[in-house]
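Read the structure below first, then the notes.
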Amino acid sequence: MRTLICLCILMLPFFSSDVFSQEESENVVEALVVDSETGEELPFASITVVGGRHLSTITNAEGRFRITVEKGERLQFTYAGYKAATLTPKAVGRKVKLEPATLMVSGVEVRALPLKEIRKETVRQQKKHRRKTADYFYRQTAFVDSTCYEYVEAFLTGKSAVALSDLKLNSGRYAGIMPDSTTGQILQFYKNFFTFSQIELATNKSQLDPRDDVMPLYEKATKLYDIDYDILSDSVSCIYVIRFQPKDHIKGYTILDCTLYVDSVNNHILRCDGSGRNFRILQKYPKALKRKDEVLPVTFNFSINMTEENGFTEVQSVYVDTYHHVDSTLVRTKSTLFNIGVHQGGKKGRDLKFEDDLHKRIEGQEYDRDYWRKNEFVRRTRAEEAVLELFERNDLFGVF
């Protein structure tokens, strides 16, 4: 994952809306997935149709999902660190409660952890399946405080073993507020935020350059991280829950502070949650502002879920939440990327380079509102629903 994200500034007005729309259908199952003990929502849990078609989705950032089922089909709910549950559509109700896996051992010494074997297996899978690709549905929204001013959805293709790379744009749509010279409010406009989804977790390098991103599965990780772990049992297998906390003396390195969920039998990564430290973005300003470009710190949180549906550890979903300040303005961008299995969105082959402006790459494509409404893939959050309705009502899609 590269550490400098190029951005530019536009003059844009604020807007907000509390409108929320919801489709209704006898074949549609929608509910909230929560922790059975705490009641907390479980974002990005997997829901798969069993006993029928090949179909799946994930819960959104609010723990909500929507999926269409047919007669005789059931739904399987899985989330690393929780016991799986399989329910009939009628049994789902409004809330699905997943039971946490049983804590077997807590705070084990790192010397007993097979870190070397986990790293070797992760690198081996990346090399063996380096040619494997998957199609992804991507959604991105940008906010200033609680106000959203842009909305992006796209179909992407990328190499998918363990970490995403070499992304290509298949098709997409973009809506944003047009510049308004009367507002005087400067907001952020992201060019290539999709690059944040390419988070790497393992490297085969024995030495790191200070310019490299530090990954948790690195040969000398114990020199850079304080590491401890628990062992959980989900009634089917045992899971290592490994915490990587950067040591206090680490300065200058871009590094991940994260928790890995790893299958203790085959050493395959199941999930990774965390944040990025010491990352920067290159802030580029339009010439009209007569302001010198600058490098700004950026904070981002992420959640990566894996799937082994195709016989190897493959990225199933990536959620990224970044925020930084431009002067006194807080800018926040959120994105969700989900493996859809079979591409639904047009021709393939248009490479996305690191510096590419995704909005401009989408520009000029024909926009079919009904098509995008029927291909939601991941349920929108209430804020996303409100923004989408407002953008569509004002016919903003296709405006750049």
Side-chain angles (χ1 to χ4, degrees), residues 33-38 40-48 50 56 58-59 63 75-87 96-126 128-129 161-163 199-203 215-219 221-222 225-245 256-274 302-319 339:
V33 180
V34 301
D35 182 304
S36 65
E37 294 183 357
T38 66
E40 293 182 357
E41 298 85 356
L42 296 180
F44 320 114
S46 300
I47 300 97
T48 305
V50 294
S56 64
I58 56 173
T59 56
L75 295 175
Q76 184 180 62
F77 299 83
T78 56
Y79 193 58
Y82 288 79
K83 297 178 181 179
T86 302
L87 303 172
V96 177
K97 298 179 180 180
L98 293 186
E99 183 180 348
T102 304
L103 177 62
M104 297 181 65
V105 182
S106 178
V108 185
E109 290 186 12
V110 70
R111 286 178 296 180
L113 179 68
L115 267 180
K116 181 179 179 180
E117 288 75 10
I118 294 172
R119 179 177 59 82
K120 287 179 64 176
E121 174 59 18
T122 303
V123 172
R124 184 193 72 80
Q125 288 217 27
Q126 286 181 301
K128 182 178 179 179
H129 303 288
V162 183
I199 300 170
E200 296 182 87
L201 302 176
T203 178
M215 306 170 202
L217 296 180
Y218 164 57
E219 183 177 315
T222 54
Y225 286 99
D226 291 322
I227 306 171
D228 63 52
Y229 71 104
D230 300 333
I231 298 178
L232 303 178
S233 173
D234 62 5
S235 73
V236 176
S237 61
C238 289
I239 299 172
Y240 296 123
V241 183
I242 314 169
R243 291 173 291 274
F244 293 86
Q245 183 175 5
L256 299 180
D257 184 341
C258 63
T259 300
L260 279 179
Y261 294 75
V262 180
D263 190 311
S264 65
V265 176
N266 56 23
N267 291 327
H268 291 179
I269 298 173
L270 304 174
R271 189 173 106 222
C272 182
D273 298 323
F302 66 87
S303 179
I304 307 170
N305 286 284
M306 304 292 182
T307 178
E308 299 211 5
E309 191 173 323
N310 294 313
F312 64 98
T313 302
E314 181 177 34
V315 175
Q316 181 192 47
S317 66
V318 183
Y319 173 76
N339 188 329

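- For the side chain to side chain contact (heavy atoms under 4.5 Å, CB included) with Y225, the qualifying choice from V110, L115, I242, L256 is L256, the only one to do so.
- L217 pairs in a side chain to side chain contact (heavy atoms under 4.5 Å, CB included) with only one of the listed residues (R119, K116, E121), which is R119.
- Listed here is the closest heavy atom pair of C258 and F302: CB-CZ, 4.1 Å.
- From L201, atom CG reaches atom CD1 of I269 across 5.0 Å, with rounding to the nearest 0.5 Å.
- With values rounded to the nearest 0.5 angstrom, R271 atom CZ is found 11.0 Å from T78 atom OG1.
- The shortest non-hydrogen separation linking M215 to T203 is SD-CB, 3.6 Å.
- Side-chain atoms of T313 and Q125 include a donor-acceptor pair closer than 3.5 Å.
- Interatomic distance, I239 CD1 to S264 OG, rounded to the nearest 0.5 Å: 8.0 Å.
- Judged purely by distance below 3.5 Å, without hydrogens or angles, the side chains of D273 and T259 never pair a donor atom with an acceptor atom.
- With values rounded to the nearest 0.5 angstrom, C238 atom SG is found 4.5 Å from M104 atom CE.
- With a 4.5 Å cut-off on side-chain heavy atoms, T222 and I227 count as touching.
- Between L113 and R111, every side-chain heavy-atom pair lies at or beyond the 4.5 Å cut-off.
- The side-chain heavy atoms of P100 and D35, taken from C-beta on, include a pair separated by under 4.5 Å.
- N339 CG to S317 OG: the interatomic distance, rounded to the nearest 0.5 Å, is 9.0 Å.
- Considering only residues two or more places apart in sequence or on other chains, H129 meets the ring pair (Phe, Tyr, Trp, His ring centres under 6.0 Å) condition with F312.
- For Y319, the ring pair (Phe, Tyr, Trp, His ring centres under 6.0 Å) partners at least two apart in sequence or on another chain are F44.
- At least one side-chain heavy atom of V315 sits under 4.5 Å from a side-chain heavy atom of M306.
- In this structure, the side chains of I47 and T59 come closer than 4.5 Å at one or more pairs of heavy atoms.
- For D230 and Y240, the side-chain atoms include no donor-acceptor pair closer than 3.5 Å.
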Between D228 and F244, does the side chain to side chain contact (heavy atoms under 4.5 Å, CB included) criterion hold? Intermediate values first, please.
CA-CA 7 Å; D228 63 52; F244 293 86; over 6 Å; no
Working for side chain to side chain contact (heavy atoms under 4.5 Å, CB included), residues Y229 and V105
CA-CA 9 Å; Y229 71 104; V105 182; over 6 Å; no
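- Counting non-hydrogen atoms of neighbouring residues, nucleotides and ligands closer than 6.0 angstrom, the NZ atom of K97 reaches no more than 12 such neighbours.
- Counting heavy atoms from C-beta on, the side chains of T86 and V50 come closer than 4.5 Å.
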Between I58 and Q316, does the side chain to side chain contact (heavy atoms under 4.5 Å, CB included) criterion hold? Intermediate values first, please.
CA-CA 9 Å; I58 56 173; Q316 181 192 47; 4.1 Å; yes
Worked verdict on V96 versus V34 for side chain to side chain contact (heavy atoms under 4.5 Å, CB included)
CA-CA 6 Å; V96 177; V34 301; over 6 Å; no
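- Contact check on K120 versus E117 returns no salt bridge, with no Lys/Arg side-chain nitrogen under 4.0 Å from an Asp/Glu carboxylate oxygen.
- For the pair D234/Y82, no side-chain contact is recorded, criterion being any heavy-atom separation below 4.5 Å from C-beta on.
- Taking the side chain as every heavy atom from C-beta outward, S56 and S46 never approach each other to under 4.5 Å.
- Interatomic distance, CD1 of I304 versus CG of L270, reported as 12.5 Å (0.5 Å rounding).
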